[in-house]
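To start, the structure under review is shown below, and the notes come after it.
From a predicted model like this one, the values you see are computed outputs, not experimental measurements.
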Amino acid sequence: MSEFFARRPPNQPGLAVFLNAGDPPLPVLADLMRMLDDCRVDCLELAVPFPDSVTDGAVNRRSAERALAHGIGLREVLDFLSGIRPQLNHLRVALLADWSHTVKPMSMPDFVRRVADSGADGLLVHGLPPRLRGGYRQAVRQAGLPMVATCYATSAAEVKAEAAEYASAYLYLVAHYGRSGGALTAGRDELSAAVAELRTATAVPIAVGFGVRSRADIAMLHSLGADAAVVGSAGVARIEHALAEKADVVDEFHAFIQTLSPHSSNRVGGPPHDCPTS
């Protein structure tokens, strides 16, 4: 059974957030991840930064460029993850890597083994050509590394069935076509039907993302049957603002996390970021 989103009460949605490794800089990111762990955020989708993403809007693209300017690549991300992962008790880390920029120069088995050895809890490869999917799936099976599979709410039935068959970490249901950073434009009926269709075909958690920005969005998705929501650009924008204002990035992101969950609050007398959400 997948360990992602598994320790939430039945009436509480899971939460995943997206960040580029290196934005904020890795020492600050380590503090931020410990804060997320204290707050019992379920998952961090941690991207190995890459340029010119066709699925990302301006906010996430600028974030990736800042990380790349700091010299962050696969080696730096995996070294960082191997150091921070043993310190995390609740937070799971799904590594996102772009095939063309990060994976292509390596053999697939070597890449997957390095990711597994870093302590990553799951893997999502962005832009993987269809002809390479079989080899990728074989490599993650051999490495014992859970895989995040994706599909759109409007994907053809066979595409959804394939995602449901091979997802072993969680299934990322992308709410709508376009670039990240916009609003949640998919209709309730469309999303509800997609979640229901996928639910009949997989036992892994279904997480919905793209345009999720608020507590109300998360509650709506949960009411439609989603196990979790993925929040990306809204959080990345909060980091960008904190960096520009020279504010405390961890404090700013902590405040943002509190806006997303009705159960998130500081305990009186506890450490600054002791904020259990369940």
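- Looking at heavy atoms from C-beta onward, Asp248 lies out of side-chain contact with Glu252 at the 4.5 angstrom threshold.
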Original post:
Does the pair Tyr166 and Val140 meet the rule for a side chain to side chain contact (heavy atoms under 4.5 Å, CB included), with working shown?
Top reply: CA-CA 11 Å; Tyr166 290 105; Val140 295; over 6 Å; no

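- Although no hydrogens or angles enter the test, the distance criterion places a donor-acceptor pair under 3.5 Å between the side chain of Asp98 and the main chain of His101.
- The backbone N or O of Val93 lies less than 3.5 Å from a partner atom in the side chain of Asp121, making a donor-acceptor pair.
- Taking hydrophobic clusters as Ile, Leu, Val, Met, Phe, Trp and Tyr residues chained together by side-chain heavy-atom distances below 4.5 Å, Leu46 shares a cluster with Leu128.
- From Asp37, atom CG reaches atom CG of Asp42 across 10.5 Å, with rounding to the nearest 0.5 Å.
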Sequence neighbours left out, cut at 3.5 Å: what donor-acceptor pairs do the side chains of residues 191-203 make with other protein atoms?
from: Glu197; atom 1: OE1; to: Lys160; atom 2: NZ; distance (Å): 3.2
from: Arg199; atom 1: NH1; to: Asp227; atom 2: OD2; distance (Å): 3.0
from: Arg199; atom 1: NH2; to: Gly225; atom 2: O; distance (Å): 2.7
from: Arg199; atom 1: NH2; to: Asp227; atom 2: OD2; distance (Å): 3.0
from: Thr200; atom 1: OG1; to: Glu197; atom 2: O; distance (Å): 2.7
from: Thr202; atom 1: OG1; to: Val204; atom 2: N; distance (Å): 3.2

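- Counting heavy atoms from C-beta outward, Leu29 and Ile84 have side chains that stay 4.5 Å or more apart.
- Rounding to the nearest 0.5 Å gives a distance of 9.5 Å between CZ of Arg215 and CD of Gln258.
- Closest approach of Pro25 to His70, counting heavy atoms only: CG-CE1, 4.0 Å.
- Put simply, Leu132 and Leu74 are part of the same group of oily side chains (I, L, V, M, F, W, Y) that touch within less than 4.5 Å, one to the next.
- Annotation: the span from Asn20 atom CG to Arg66 atom CZ amounts to 8.5 Å, rounded to 0.5 Å.
- Side-chain N or O atoms of Ser118 include none that pairs as donor or acceptor with a backbone N or O of Ser82 at under 3.5 Å.
- Counting only heavy atoms from C-beta outward, the side chains of Met106 and Arg114 approach each other to under 4.5 Å.
- Side chain of Glu162 to main chain of Val159: no donor-acceptor pair is present (N/O by atom type, distance under 3.5 Å, no hydrogens or angles).
- Looking only at side-chain heavy atoms (C-beta outward), Arg92 and Arg85 come within less than 4.5 Å of each other.
- Classification of Asp117 and Arg113 as a salt-bridged pair holds, one side-chain N sitting under 4.0 Å from a carboxylate O.
- Listed here is the closest heavy atom pair of Ser223 and Arg188: OG-NH2, 3.7 Å.
- At least one cation-pi condition fails for Arg238 and Phe256: the charged atom is not both under 6.0 angstrom from the six-membered ring centre and inside a 45 degree cone around its axis.
- No continuous path of ILVMFWY side-chain contacts below 4.5 Å connects Leu26 to Leu68, so the two sit in separate hydrophobic clusters.
- Contact between Glu190 and Ala175 at its shortest, heavy atoms only, is OE1-O, 4.1 Å.
- Side-chain heavy atoms closer than 4.5 Å link hydrophobic residues (I, L, V, M, F, W, Y) into clusters, and following such links, possibly through other members, connects Met33 to Leu243.
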**OP:** Start with the C-alpha gap between Leu173 and Cys151, add the side-chain angles, then the distance that decides, and say whether side chain to side chain contact (heavy atoms under 4.5 Å, CB included) holds.
**Re:** CA-CA 5 Å; Leu173 176 61; Cys151 64; 3.9 Å; yes

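- Counting only distance, with no hydrogens or angles, the side chain of Asp23 and the backbone of Ala67 share no donor-acceptor pair below 3.5 Å.
- If you run side-chain contact (heavy atoms from CB on, under 4.5 Å) between Leu123 and each of Leu96, Val148, Val115, only Val115 comes through.
- Remark: side-chain polar atoms of Arg62 are not paired, donor with acceptor, to backbone N or O of Glu65 under 3.5 angstrom.
- Put simply, the side chain of Pro49 reaches to within 4.5 Å of the side chain of Val77, judged on heavy atoms.
- The CZ atom of Arg213 sits 12.0 Å away from atom CD1 of Ile218, with the distance rounded to the nearest 0.5 Å.
- Residue Trp99 comes nearest to Arg131 through the heavy atom pair CH2-NH2, 4.4 Å, listed as atom of the first residue, atom of the second, then distance.
- Using a 4.5 Å cut-off on side-chain heavy atoms (C-beta onward), Val212 and Val230 make no contact.
- Rounding to the nearest 0.5 Å places CZ of Phe80 at 9.0 Å from CD1 of Ile72.
- The distance from the CD atom of Gln12 to the CZ atom of Arg40 is 9.0 Å, given to the nearest 0.5 Å.
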Subject >> Stepwise side chain to side chain contact (heavy atoms under 4.5 Å, CB included) check, Val103 with Tyr136 >> reply: CA-CA 11 Å; Val103 184; Tyr136 169 58; over 6 Å; no

Subject >> Chi angles and distances behind the side chain to side chain contact (heavy atoms under 4.5 Å, CB included) call for Ile257, Val17 >> reply: CA-CA 9 Å; Ile257 291 297; Val17 295; 4.0 Å; yes

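- In plain terms, the two heavy atoms of Ala94 and Cys43 that are nearest each other are CB-SG, 4.2 Å.
- Here the closest non-hydrogen pair linking Ile239 and Pro24 is CD1-CD, 3.7 Å.
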